[in-house]
Amino acid sequence: MAHLQLAAVAGGGRAGDDMEEVALLGSYDEEMGGAAPAGGGAEEDEEEAEAHVRVTGMTCSACTGAVEAAVSARRGVRRVAVSLLQNRARVVFDPALVKVEDIIEAIEDAGFDAEILPDSAVPQPKSQKTLSAQFRIGGMTCANCVNSVEGILRKQPGIKGAVVALATSLGEVEYDPSTISKDEIVQAIEDAGFEAAFLQSSEQDKILLGLTGVHTERDADVLHDILKKMDGLRQFAVNTTLSEVEIVFDPEAVGLRSIVDTIEMGSNGRFKSHVQNPYSRGASNDAHEASKMLHLLRSSLFLSIPVFFIRMICPSIPFISTLLLRHCGPFHMGDLVNWILVSIVQFVIGKRFYVAAYRALRHGSTNMDVLVVLGTTASYVYSVCALLYGAFTGFQPPIYFETSAMIITFVLFGKYLEVLAKGKTSDAIKKLVELVPATAILLLKDKEGKYVGEREIDALLVQPGDVLKVLPGSKVPSDGVVVWGTSHINESMITGESAPMPKEVSSVVIGGTINLQGILHIQATKVGSGTVLSQIISLVETAQMSKAPIQKFADYVASIFVPIVISLSILTFSVWFLCGSLGAYPHSWFDGTSNCFVFSLMFSISVVVIACPCALGLATPTAVMVATGIGANHGVLVKGGDALERAQNVNYVIFDKTGTLTQGKAVVTTAKVFSGMDLGDFLTLVASAEASSEHPLAKAVLEYAFHFHFFGKLPSSKDGIEQRKEQILSQWLLEAEDFSAVPGKGVQCLINEKKVLIGNRALMNENGVSVPPEAESFLVDLELNAKTGVLVAYDSSFVGLMGIADPLKREAAVVVEGLKKMGIHPVMLTGDNWRTAQAVAKEVGIEDVRAEVMPAGKADVVRSLQKDGSIVAMVGDGINDSPALAAADVGMAIGGGTDIAIEAADYVLVRNNLEDVITAIDLSRKTFNRIRWNYFFAMAYNVVAIPVAAGALFPLTGLQMPPWLAGACMAFSSVSVVCSSLLLRRYRKPRLTTVLQITVE
């Protein structure tokens, strides 16, 4: 939350939405390329310095833009990035051309306070680019493996961060590509003893195409010649074995669709290519892993069943028993068959355990594979020694070949079930990926811009600016704007809204939603990773890979678990063997063919095999994975396990008023003049001043004035209205000069060389404008009725005022009451005056009100509530609430279905519905109740199972757990934890009709 930045969205707001729209982008520490230096002219080899400046007084994205513009205008400044949330600016500059003092002066000239942070203006290396890449990592079995991979990666030069998820077998690595390549990262993971494959990265100019028709080296040469002739391709590599080609290209010079078309046309249709979807590749890898595990299980079972029958069943069948007792050299036939079959199971099928255990031990770590190898090898080696001893001495000690074979079989069975169960936990992402249609209908234009035909293309090849045809019943291929047609679209799969949304010209559509009726032509605005659906998928993936703080306990236990178990196993053997040697228990406890050593060894092997660190390692990530997926299905996007954990303990929920508790659709209800000015002239004056403002109230004033003057004089069609409205506004409005917004107070400008003030009482008082008693009385009445009064002064004289209402959301009062029932204290925060704030709070049932709070002061309110250790959640619309969202323990950006606040908070509530606040908290509580149960099962299993396997109950009950049964218990323990997490899939969010029945747990 400490590394977020506000920046204005390019291309204006959404159609039909008058609210100011901003996008919350990534850390300002990311590569900066937005601000071009003025008067640059610096050579590449000149020294660069970087300064970090604390900037105070910024309240919105416009402020950050002003700071960036002011600083970048200085000669010698290379790059500028400003973070509203951190109140910091990062400036890269040429110290020979500009000084730090000049940067401070530029910011202060822009109207903000600035101070240089210590030790920040130092020379920087030229390459500052950092990439984030995703890798699939195979062979991980427990939390120890995760710790081992993360530790190895973080030691590599150039890697700045690494996060590995056991549940998804994915790793996300942040690295400097100038220092280390993705292939070197893969090599490092493989050297650590695991399988690794690169999936995707944040680098946008590389693509992997699947090929059909390329089978031989000659085909590859033909394809090579085709690609070599294309402009914009920097490098490519053809892999005929996998039928793939990896291409690095300049997206500014050549489009992806052009590459695909050129391959097909250049080969006369022999070769066809398609974009490899990383999610489908991941699903294919999961299926391959499950198939591989099933094959091993079948082979092991096929060989283990005869071993089990020879040991347990065949001695009771006289004919077969006689056959098996026949000698083949010095060995019995049955023993020889068992030896051969078990050797195959132990060293061929069980090879994966030996390899994984060796790799773990080579790097100084331990995992479940070490325990399996120890247990099965001890049983196998003892059995071989006993067999050879009996063959050459005539004494036949007991042989336990079936033990190692059955242990490996049961472990493989458990792993197979675990793979299937873990696959179920990622169903949410699979469902989201399936929303993307496979193809799109592209409308073709001639040179004059007329549509001359249509063509079906791969949906992954859609480019910004393409006009696409969407038929009734089909899915929208990408985010875009309707340019022709009307229809209704089902957006429930993205926003959770069940009611179909009407769409017409200029309406925004979201990729993956379903067109219900009517043909639409849409112009693609965002494609690939920029679409809403891709951002949601990315957000869910990131959340599923994150670690909740509670998992630190499991990681610590896992790091010491295997050494402790091995110590207990040695202790078990030593105690039983020593007691047997001293005669502390009767020889009748083991049969006549056995001895004290074998009796003790079986207990020791059972202890090694039954202990399971996997269950502990899976307890948290599987539950978080299921919960984040369930949340996404309900329109609640969780940014990580830490956010999920904090939300369960929320004590305060702070609601912003405008746009959060209210609908955010301000409407002017009253306009009254208290001077001799005509009402029409008054509205024209106010509209002219407010036309330069982006505030929601300004939009409402402008709309009201426009309709007052031109109602009934406009065309009937919407297109005609918009065109005519733009024309009228340019001619009707008066020219406003020296416009400036006064944060938290209003706006001021010059019209006809006279000063115009529009805002609240504070603005009037600051400028010495007195408000007449009758206007003050009228204003108080408005405020008591939950309306906001806007005062207007012209040429230092009070002119009139306007009353603006913003209706409450219908569910606001019930949600507030529901939060109280859950033991949570609701708070309302607003920059509005006290009377209006208290009137609104009274309607929704909130007693704790903080009014007349400046935008920059909202974070201070959050911090004041946190002083006593309380957990504070902030619910805002992501416009001016971002500092408070960052300061809160749990930030919830509401109404963030498109670009608004997708990166702003811990939770993004896609629907503009307050019910989802309760859903988010309730889901968090249910998830961590499930995690606690998972830990209880995992811990209780080991606490109970290890003493039983060690023979703690044997003296009293004669209960002895054979090693093969211990292996079966171990295999099913991790499966039981995953299945426990899967129960979260049955989660149903609280309904408004039942919310008031929720009580404090």
With side-chain contact (heavy atoms from CB on, under 4.5 Å) as the test, would you mind laying out the steps for Asp806 and Thr788 before giving the verdict?
CA-CA 8 Å; Asp806 188 0; Thr788 301; over 6 Å; no

Ignoring hydrogens and angles, tell me if any N or O in the side chain of [X] forms a donor-acceptor pair with the backbone of [Y] under 3.5 Å.
X: Lys809; Y: Thr660; answer: yes
X: Ser777; Y: Glu774; answer: no
X: Thr836; Y: Lys787; answer: yes
X: Asp889; Y: Ala873; answer: no
X: Asn760; Y: Leu763; answer: yes
X: Asp906; Y: Gly891; answer: yes
X: Ser797; Y: Ala793; answer: no
X: Ser688; Y: Leu734; answer: yes
X: Gln523; Y: Val481; answer: no
X: Lys503; Y: Val508; answer: yes

Identify the heavy atoms of Pro826 and Phe655 that sit nearest to each other, and give their distance.
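It is CB-CE1, 4.3 Å.
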
Apply the test side-chain contact (heavy atoms from CB on, under 4.5 Å) to residues Leu637 and Tyr907: give CA-CA distance (whole Å), side-chain angles for both, the deciding distance (0.1 Å), then the verdict.
CA-CA 6 Å; Leu637 304 181; Tyr907 283 79; over 6 Å; no

Going from CD on Gln663 to CZ on Arg810, what distance comes out if it is rounded to the nearest 0.5 angstrom?
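One gets 10.0 Å once the value is rounded to the nearest 0.5 Å.
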
How many angstroms lie between atom OG1 of Thr669 and atom CG of Leu782, to the nearest 0.5 angstrom?
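So the OG1 of Thr669 and the CG of Leu782 are separated by 6.5 Å.
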
Looking at side-chain heavy atoms only, is the closest gap between [X] and [Y] below 4.5 Å?
X: Val792; Y: Leu757; answer: no
X: Met892; Y: Val917; answer: yes
X: Leu801; Y: Phe682; answer: no
X: Arg761; Y: Leu779; answer: yes
X: Glu737; Y: Cys749; answer: no

With sequence neighbours left out, what residues match Tyr704 under ring pair (Phe, Tyr, Trp, His ring centres under 6.0 Å)?
none

Exercise: do Asp868 and Ser870 side chains pair donor with acceptor under 3.5 Å:
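Note: Asp868 and Ser870 side chains meet the donor-acceptor criterion.
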
Establish, from distance only, whether the side-chain atoms of Asn767 and Lys755 form a donor-acceptor pair under 3.5 Å.
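A donor-acceptor contact under 3.5 Å links the two side chains.
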
Show your reasoning for whether side-chain contact (heavy atoms from CB on, under 4.5 Å) applies to Met802 and Val686.
CA-CA 10 Å; Met802 306 178 78; Val686 176; 3.9 Å; yes

Basic-acidic side-chain contact under 4.0 Å: Lys858, Asp860
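Judged by the 4.0 Å cut-off on N to carboxylate O distance, Lys858 and Asp860 do not form a salt bridge.
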
Check the orientation of Tyr652 and His825. Use parallel for under 30°, tilted for 30 to 60°, and perpendicular for over 60°.
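Because their plane-to-plane angle is over 60°, the rings of Tyr652 and His825 count as perpendicular.
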
Applying side-chain contact (heavy atoms from CB on, under 4.5 Å), can you list everything that pairs with Val667, at least two apart in sequence or on another chain?
none

Please list, chain by chain and in numerical order, all residues satisfying side-chain contact (heavy atoms from CB on, under 4.5 Å) with Val862, sequence neighbours excluded.
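Scan of Val862 (side-chain contact (heavy atoms from CB on, under 4.5 Å), adjacent residues dropped) gives Ile654, Gln866, Val872, Ala884, Ala887, Ala888.
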
Could you walk me through whether Gln838 and Glu783 pass the side-chain contact (heavy atoms from CB on, under 4.5 Å) check?
CA-CA 9 Å; Gln838 288 172 336; Glu783 292 170 346; over 6 Å; no

